[in-house]
Asker: 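Let me give you the structure first, and then I'll get to my questions.
A quick note: this is a predicted structure, and the numbers were derived from the prediction, not measured.
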Amino acid sequence: MLPRPLPLEARVGWEENGRPDPYEYGITITPEKQFAWLADPDDGPRWPLHEAAAATSR
């Protein structure tokens, strides 16, 4: 399978954060929230995963 191109918003965020290695990202999922993060789940940049939350609640 070929990799898909990044959506523009994701690519801009990746470039703004210095093009970090994929292993620096993580995902946190709790009953209350779901988000992706960079470098540190508490202090690093975060992005909510609203679409993922909506898909799992169906």
Asker: Is it true that W47 and F35 fall in one hydrophobic cluster, defined by side-chain heavy atoms closer than 4.5 Å?
Answerer: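 No: no chain of side-chain contacts under 4.5 Å links W47 to F35.
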
Asker: Please identify each residue that fulfils side chain to side chain contact (heavy atoms under 4.5 Å, CB included) with P20, with sequence neighbours left out.
Answerer: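 For P20 the side chain to side chain contact (heavy atoms under 4.5 Å, CB included) partners, ignoring immediate neighbours, are W14, N17, E24, Y25, L38.
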
Asker: Going by the side chain to side chain donor-acceptor pair (under 3.5 Å) test, which pairs reach into residues 37-46, not counting sequence neighbours?
Answerer: T28-W37

Asker: Under a single-linkage rule joining Ile, Leu, Val, Met, Phe, Trp and Tyr whose side-chain heavy atoms are separated by less than 4.5 Å, which residues share a cluster with Y23?
Answerer: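 Same cluster as Y23: nobody, lone residue.
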
Asker: Taking only residues two or more places apart in sequence or in another chain, which ones pass side chain to side chain contact (heavy atoms under 4.5 Å, CB included) with E32?
Answerer: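 E32 satisfies side chain to side chain contact (heavy atoms under 4.5 Å, CB included) with T30 only.
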
Asker: Who pairs with E16 by salt bridge (Lys or Arg N to Asp or Glu O under 4.0 Å), at least two apart in sequence or on another chain?
Answerer: none

